[in-house]
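Values below: all heavy atoms of this structure, side chains included; hydrogens, waters and symmetry mates excluded. Being a predicted model, the structure only gives us computed values, none of them experimental.
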Amino acid sequence: MSRDDAFLFEAAPYHDMRAPAKSPGRGRWKAWLLLLPAAGLVVAGLLVPLAATVVTSLTGKGGLDAYRDVVNDAQVRTALRNNANWLGLALVVCALGLGLAWLARGVGPRLRRLLVVALTLPTVTSPLTAGVTFRMIFAPDPGLGTVNALLPEPVLFTGSGWIWLVLGLAFAWQWTGLAFLVFHVGLANLPEDLLRVAGAFGAGPLRRLRAVTAPALFPTAAVALLIVLTAAARVFDLVLVGAPGSVQPEVDVAGLLWWRRRTVLGDERAAALAVLLTVTAVAVALAVLGRLRQDWPHAERPWRWPPQPAPDGPRRPRRAAAVPVDARWPRRVAAGAVTGLWAFPFVVLLLTSFRSPDAVATSGWWAGGYGAGSYGEALDGGFFADALWATAQRGLLTAFLVVLPAVPAAYALTHEALPRRARRAATAAAVVLAVLPPQVLAAPLGWALGGVLGSTLVLGPVHAALLLPLGVLLLRNAFMSVPRPAVTRPVAPRRTAGRSALARVVGEAAPAVATVAVLSFVLVWNDLVVSLLLNWPAADQAPLTMRQASRYFTTSAGELAAQGVLMTAVPAALLLVTGGWLVRGLTQGVRR
């Protein structure tokens, strides 16, 4: 195959190059009005506190002295390096998700469903619960830790280096499922005709991967990377709970170090550290997403026609690529092994929760001593039950406050008559703000809100401001996949007659709207960072109650396991009930 033939195998999504259609009767000022609620929340909740932190970091005598002091601090350098490690791990997790999505092809519908459930369920599990579970599994004492109990000579993890393996596996266990899900849909929509043509012209597997598969999966990678990078940039509670106190200085991240030492650092240096953490997260996010700019849905190409029928008749439904018979059994065995591995931490957590607290503190889950004592200890006094209810209230309020402004804002950035530069700037700002760490906002918000900060009505908008940029990006990605005729056809079907263009788009992308609401609720339900930074020492949130118990990990392991099961039950039930909608909503922008 000659170099001149290379263009035959380059896959690129088809773009409608005609001018974007404008909704009748809508001018630019109405588009700006649609952006106004989201912009107001973002300015008040994110940009003003961010600007205040930057100003505080520069108020020292030398202007940049605070940054010099912070950079010269050995602990800070270690923490920033650890942050870079976590961001690199996010890329590894996405690659692992892609590999597992490729493995799932051809394993059969039943095994595929089991694999999807096993991989995606940890995504709605709190980092606290993941840290507790993996700390139990990898406990150095062979009488307590599953891994060391299985080794012939239980000497693994008796040094400090083991903690990176534990934390990395916990993070991968929790977030690989999300990448797997979006890549699974992306692979199902690969341009199979191009793959076959490339193979016929002699392109090998690596060439097909580079020239066809990778370009076609770029939009999918953007969705997965943005969410996983956000989790990596804000990693906090997994390290706080998953690492014993003796090794925490070696694995501290900048956000956790900021929380521990903000009073010692002083206002200027604490602000400088928060700004450096923000710059690191934003730089990596932009560098990764910048490579996807040709396939990320740009504002200047907001409409896409659906693929046209073939000349000889209607297009047949797309079918999954055939897998050779001799490759099915190895795939099924591997998929079964992965399913078991991902389900095992839940088994350990559940069995541990149904043991007495004394049995959990002195022996492993396989040693008996079963009962409901740990649940009795976890629910004693009703404090944890009250905290669960308060956390649910905050999650519901946040979901409402995210969806309400995100829908019109995403529509304005997709289908409305905003100037091209404004759409580009707003989209880029959403990418930057989506990875913004809460530490950079904590001090100004704490000073401004004072005594009312701990209430649900105040912390709910703070959570919403942090989650709104991600919600806008996800909805915008989904809205851009809505075919133009669904919105601009002159005669609407009876079911959409009289509805505005915005209402018709929302109707077509309803699963994505539901996904943003559920995702917002789950992230707030599992959040420790915002509550710990802005609501401590009050313990009226479930993650804060778990954090209190984790300070005495050995004696409170049974209580922590029971609390972890109760914390996981609510988002797991939500996932199982709405799973079909969530899959469609999360991947709606992928299927273009």
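- Put simply, the side chain of Pro438 reaches to within 4.5 Å of the side chain of Leu466, judged on heavy atoms.
- Residues Leu47 and Leu433 meet the side-chain proximity criterion, which asks for heavy atoms closer than 4.5 Å.
- The nearest pair of heavy atoms linking Ala172 to Val93 is CA-CG2, 3.9 Å.
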So Leu574 and Val124, side chain to side chain contact (heavy atoms under 4.5 Å, CB included) or not? Walk me through it.
CA-CA 9 Å; Leu574 192 60; Val124 299; over 6 Å; no
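- Among Gln541, His463, Arg394, the single residue meeting the side-chain hydrogen bond (donor to acceptor under 3.5 Å, both in side chains) criterion with Ser531 is Arg394.
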Before you tell me yes or no, could you show the steps for Thr129 and Ser126 under side chain to side chain donor-acceptor pair (under 3.5 Å), namely the whole-Å CA-CA distance, both residues' side-chain angles and the distance that decides it to 0.1 Å?
CA-CA 5 Å; Thr129 303; Ser126 73; 2.8 Å; yes
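- Using a 4.5 Å cut-off on side-chain heavy atoms (C-beta onward), Leu35 and Trp32 make contact.
- Annotation: side chain of Leu413 is not in contact with side chain of Phe479 (no heavy-atom distance under 4.5 Å).
- Distance check, rounded to the nearest 0.5 Å: CG of Leu128 to CZ of Arg547 gives 9.0 Å.
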Evaluate side chain to side chain contact (heavy atoms under 4.5 Å, CB included) for Leu181 paired with Leu119, printing each intermediate quantity in order.
CA-CA 8 Å; Leu181 191 62; Leu119 287 173; over 6 Å; no
Give the intermediate values and the outcome of side chain to side chain contact (heavy atoms under 4.5 Å, CB included) for residues Gln439 and Leu277.
CA-CA 9 Å; Gln439 288 82 354; Leu277 172 62; 4.1 Å; yes
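- Taking the side chain as every heavy atom from C-beta outward, Pro469 and Leu436 never approach each other to under 4.5 Å.
- For the pair Leu89 and Gly168, the tightest heavy-atom approach, listed with the atom from each and the gap, is CD2-CA, 3.9 Å.
- Minimum heavy-atom separation, Met546 to Leu560: O-CD2, 3.5 Å.
- A ring-centre distance under 6.0 Å is not found for Phe138 and Trp162.
- Atom CG of residue Leu544 and atom CG of residue Asp237 lie 10.5 Å apart, to the nearest 0.5 angstrom.
- Distance check, rounded to the nearest 0.5 Å: CG of Asp73 to CG of Leu257 gives 7.0 Å.
- Note on Arg261 versus Asp252: no salt bridge recorded, every NZ/NE/NH1/NH2 to OD/OE distance being 4.0 Å or above.
- Summarising the geometry, atom CZ belonging to Phe384 is positioned 6.5 Å from atom OG1 belonging to Thr545; distances are rounded to the nearest 0.5 Å.
- Considering only heavy atoms from C-beta on, Trp259 comes within 4.5 Å of Leu533 through its side chain.
- Distance check: Phe134 CZ to Leu169 CG gives 6.0 Å after rounding to the nearest 0.5 Å.
- Looking at Thr515 and Trp581, their side chains never come closer than 4.5 Å, going by heavy atoms from C-beta outward.
- Note: Phe171 and Trp86 have perpendicular aromatic rings, judged against thresholds of 30 and 60 degrees for the angle between ring planes.
- Between the side chain of Trp525 and the main chain of Thr391, no donor-acceptor pair closer than 3.5 Å is present.
- Residues Thr123 and Leu178 share a closest heavy-atom pair of OG1-N, 3.7 Å.
- A distance of 11.0 Å separates CG of Leu100 from CZ of Phe183, quoted to the nearest 0.5 Å.
- Paired with Leu467 under the rule side chain to side chain contact (heavy atoms under 4.5 Å, CB included), one option of Asp527, Val472, Thr398 passes, and it is Thr398.
- Side-chain contact between Ile163 and Glu250: absent, with no pair of heavy atoms (C-beta onward) separated by less than 4.5 Å.
- Heavy-atom minimum distance, Phe521 versus Ala392: CE1-O, 3.6 Å.
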Give the intermediate values and the outcome of side chain to side chain contact (heavy atoms under 4.5 Å, CB included) for residues Leu96 and Phe180.
CA-CA 8 Å; Leu96 179 60; Phe180 163 82; over 6 Å; no
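- Within the 3.5 Å criterion, the main-chain N or O of Thr414 finds no donor-acceptor partner in the side chain of Arg423.
- Nearest heavy-atom pair across Ala514 and Leu582 is O-CD2, 4.4 Å.
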